[in-house]
Number of protein chains: 2
Amino acid sequence: MKGEIMRVELISVGTEILLGDIVNTNTAYLSKELATLGIDVHRQTTVGDNRDRLLQTLSTAFCENDTVIITGGLGPTDDDITKECAAEYFNRDFYFHEYSWAKILERLTRSGRNLITDNNKKQAMIPNGAIVLENFCGTAPGIIIEEENKRIILMPGPPREMKDMFKKSVRPYLERFSSKKFISKYIRFYGIGESLLETKIKYLMDNQTNPTLALYAKTGEVLLRVTASDDTVELCEKLINDKVLEIEKIVGEYIYLIGDDNISETQTELHNVVANLLIENKLTISVAESLTGGQLSSMLVEKGGISVSLLEGIVCYSNKSKIHALGVKEETLNQFGAVSEQTAKEMVIGVSRRLNSDVAVATTGIAGPKSDDTNKPVGLVYIAVYYQGEVKVFERIFTGSRELIRTRSSIEALNEVRKIILEHI
Amino acid sequence: MKGEIMRVELISVGTEILLGDIVNTNTAYLSKELATLGIDVHRQTTVGDNRDRLLQTLSTAFCENDTVIITGGLGPTDDDITKECAAEYFNRDFYFHEYSWAKILERLTRSGRNLITDNNKKQAMIPNGAIVLENFCGTAPGIIIEEENKRIILMPGPPREMKDMFKKSVRPYLERFSSKKFISKYIRFYGIGESLLETKIKYLMDNQTNPTLALYAKTGEVLLRVTASDDTVELCEKLINDKVLEIEKIVGEYIYLIGDDNISETQTELHNVVANLLIENKLTISVAESLTGGQLSSMLVEKGGISVSLLEGIVCYSNKSKIHALGVKEETLNQFGAVSEQTAKEMVIGVSRRLNSDVAVATTGIAGPKSDDTNKPVGLVYIAVYYQGEVKVFERIFTGSRELIRTRSSIEALNEVRKIILEHI
């Protein structure tokens, strides 16, 4: 099998998915992970906890594919029939797996469950000849059954358990089938939309073979995944680094982070990059928020350890607060309005002075759905940044819902903080 | 067909879903909507933009089901082959639909597209004898092909377009197949976990026939959907109201909102309920946040019109700020620590006094991942609420990630605000 390309069908089992009670995120996660291994998913199917329908789905799946990955239906109750169906399909009996049982008991006891029923023993029953995958986040072990050129991989349904098991056991198992290595790098962009970025690197996107390029858009940010495959890690890295250099030449000014795929999502977002910049450079920051209403501060606080940098945030949603807490002049508010360059400037200076922070940032704007009593449009936002005495104010117009305008303003403001720090350090 | 129960398979078409580049939310939405119509979904399948595989999936689907709903693959490019495959399956030719073309031209011109290519005409081609569903949010019309007891319903992939088309055309179409009416109400709970709630109303859950009950858990909140079906709307409402009364008798103390299913998700969340309470009762509020770091204020600001109530928020992440902005005593911080009942109390009094608000709320706690230098555990949180001179402090221990502990603290604090307002008005 080594070197051949696997054909995979993903099956999700669970009546709660069929009823629409939960959104199936496992499938997207697995598909993306498999893509980085060069493995194509040919179909994704969801069925309920129903023996006949699962067996029939398995038959259809193995007509066209050699590998089936199933998530869900490994629980302790009678409803959970995934393992039973897989064993039936491959004609295997069960045995009681002592190690898994010990692990299940340990976990149930630790979580304070006194009542351990015979039901729980079901999760320690393993089809003969199967590979057992330890579950470090839950009670249901994973299972791989191989037969000739077919294989079925069973993982628990809860995303946290599934992802952990995939990373620790399934991914390494699948990697053994490929003679190639696969390496990815992620380039993170801010300040350029997905479609403009695509246009600018169109000839690279159109002519991609190895490395491959994949674009992902998030609110305010765009992510480009560069994946190379070759015989060795070194050769992969060389391919990627050459491609990254090419991309940097065209759109380098919009890149805020280049990282490998082992960095978790949350550590790489723009606000975490800003939080890290502050902490690493021992800079203190104060925040004054009108339309963002605490969101910007809250994004910084997502980072553990930010307490050394974040001195204070003021949610000055009322004019009273802008005057009282930040020393914005009443004349300024009357003459230019709360949503103005002048107010933003006085806000950022005012908040920086409260506790003498090195850096400060202020936002004021109209989030909608209605405008204020002025003629200013919904989406008009002023962002002021302060760095040790220097002040810059930016005017922006954002579109979208109230929520989106606020989020874009927070991210945009954090990006201006990032830029002013980089100018000075 | 009227009165018979439909058997439905949902098919999502799109290579971007197979690659895991987007999470498929359409399927959950449709499944849930169909459930409220009493229609069961028997399987959900995703295939790429691939003719052979889609045709084969269609064949399999119609072996077991009478109705297939497909989303995606109705775009203008050559890749988009859903309509072509459906027409091929039902042996239909295409004709050019003038009305759809006029609508497409109108939309493209309005969005500033000057270059309208022949490609776009593809979206106005309709299979002979099909029902055309107007797309009010995009260019691709929806299509229904009926033949004997089978029917196929095609809708565009972008969720906004699909949902709008479902509500305006597909749902009314499907309702005609049922002789019954279906009505739902949603009961929203706070302060009780999903499993405890399930235990308390177990005999109702176990013996449900009509109305049916469905539980949904969200962070910190639980939702119970009660769906009744009967010959008239009035009979449905009677059934639901009786059931709601029964539920209120058992767990009424945890209910914060009962609403019909027409209220959008965001208007019914706990923080919106609190924002409405403040606005409607002309109460002003000030917020002091340590561990929640602006999140609580930001939740209130999600509500347009909150500016009349929210005077100010202080993100007092540093002790300096707690002392300087809120007047927390240094001795209190030294003796009891920043995470203590005493500090929370001084915070809430301090913030209420700044602008003399009617209501105030303060949070302080250890969000993790590490504890502070004291022996206090991660997840320990103090919440103080103030209402016109009266102060209450609550100690809570939350588990989970840093993010989860912060979110739970924000929601818990808002719930205490809700309760103290309800005690007084």
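What you are looking at is a predicted structure, and each value in this text was computed from that prediction instead of being measured. Reminder, nothing fancy here: chain letters follow the sequence lines and each chain counts from 1.
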So do the side chains of B:Thr27 and A:Asn24 get within less than 4.5 Å of each other, counting heavy atoms only? no
Within the structure provided, determine whether B:Gln56 and A:Glu64 are in side-chain contact (heavy-atom separation under 4.5 Å). yes
Is there side-chain contact between B:His42 and A:Val47, with heavy atoms separated by less than 4.5 Å? no
For the candidates A:Ser297, A:Gly305, A:Cys316, which exhibits the highest count of non-hydrogen atom pairs separated by less than 4.5 Å from chain B? A:Ser297
Residue part contacting chain B, namely of A:Arg354, when any heavy atom lies under 4.5 Å: both
Counting only heavy atoms closer than 4.5 Å, note whether B:Ile11 contacts chain A via side chain, backbone, both or neither. neither
Side-chain touch B:Ile306/A:Tyr317, heavy atoms, less than 4.5 angstrom: yes
Side chain / backbone / both / neither for A:Ala367 at chain B, heavy atoms under 4.5 Å: neither
Looking only at B:Arg53, B:Lys322, B:Glu33, most heavy-atom pairs under 4.5 Å shared with chain A are made by B:Arg53
At a 4.5 Å cut-off on heavy atoms, which part of A:Glu16 comes close to chain B: side chain, backbone, both, or neither? neither
Between B:Ile22 and chain A, with a heavy-atom cut-off of 4.5 Å, which part of the residue counts as in contact: side chain, backbone, both or neither? backbone
Using a cut-off of under 4.5 Å for heavy-atom pairs, which of B:Gly48, B:Ser12, B:Pro369, B:Gly304 has the most such pairs with chain A? B:Gly304
Taking B:Thr57, B:Leu18, B:Leu10, B:Val41 one by one, which has the highest count of heavy-atom pairs under 4.5 Å against chain A? B:Leu18
I'd like to check A:Glu302 versus B:Arg406 (side-chain heavy atoms, cut-off strictly below 4.5 Å). Are they in contact? yes
If you count heavy-atom pairs under 4.5 Å between each of B:Val23, B:Ile314, B:Leu311 and chain A, which one has the most? B:Leu311
Name the region of A:Arg43, side chain, backbone, both or neither, that has any atom closer than 4.5 Å to a heavy atom of chain B. both
Closest-packed option against chain B by number of heavy-atom pairs under 4.5 Å, given A:Val308, A:Leu34, A:Thr45, A:Thr15: A:Thr45
Taking C-beta and beyond as the side chain, do B:Val301 and A:Gln295 meet within less than 4.5 Å on heavy atoms? no
Examine whether an atom of A:Thr60 lies under 4.5 Å from a heavy atom of chain B, and if so say whether it belongs to the side chain, the backbone or both; otherwise answer neither. side chain
Between B:Lys370, B:His324, B:Arg225, who has the most heavy-atom pairs with chain A when the cutoff is under 4.5 Å? B:His324
Does A:Ser31 use its side chain to pair, donor to acceptor, with the backbone of B:Leu19 at less than 3.5 Å? no
Heavy-atom cut-off 4.5 Å, strictly under: side chain, backbone, both or neither for B:Glu289 against chain A? neither
Pairing donors with acceptors under 3.5 angstrom, does anything connect the side chains of B:Ser321 and A:Glu312? yes
Could you check whether any side-chain N or O of A:Gln44 sits under 3.5 Å from a backbone N or O of B:Ile17, counting only pairs where one atom can act as donor and the other as acceptor? yes
Options B:Ser286, B:Ser298, B:Gly294, B:Ser290, ranked by heavy-atom pairs under 4.5 Å with chain A, top entry: B:Ser298
For the CG atom of B:Asn319 and the OG atom of A:Ser307, what is their distance to the nearest 0.5 Å? 9.5 Å
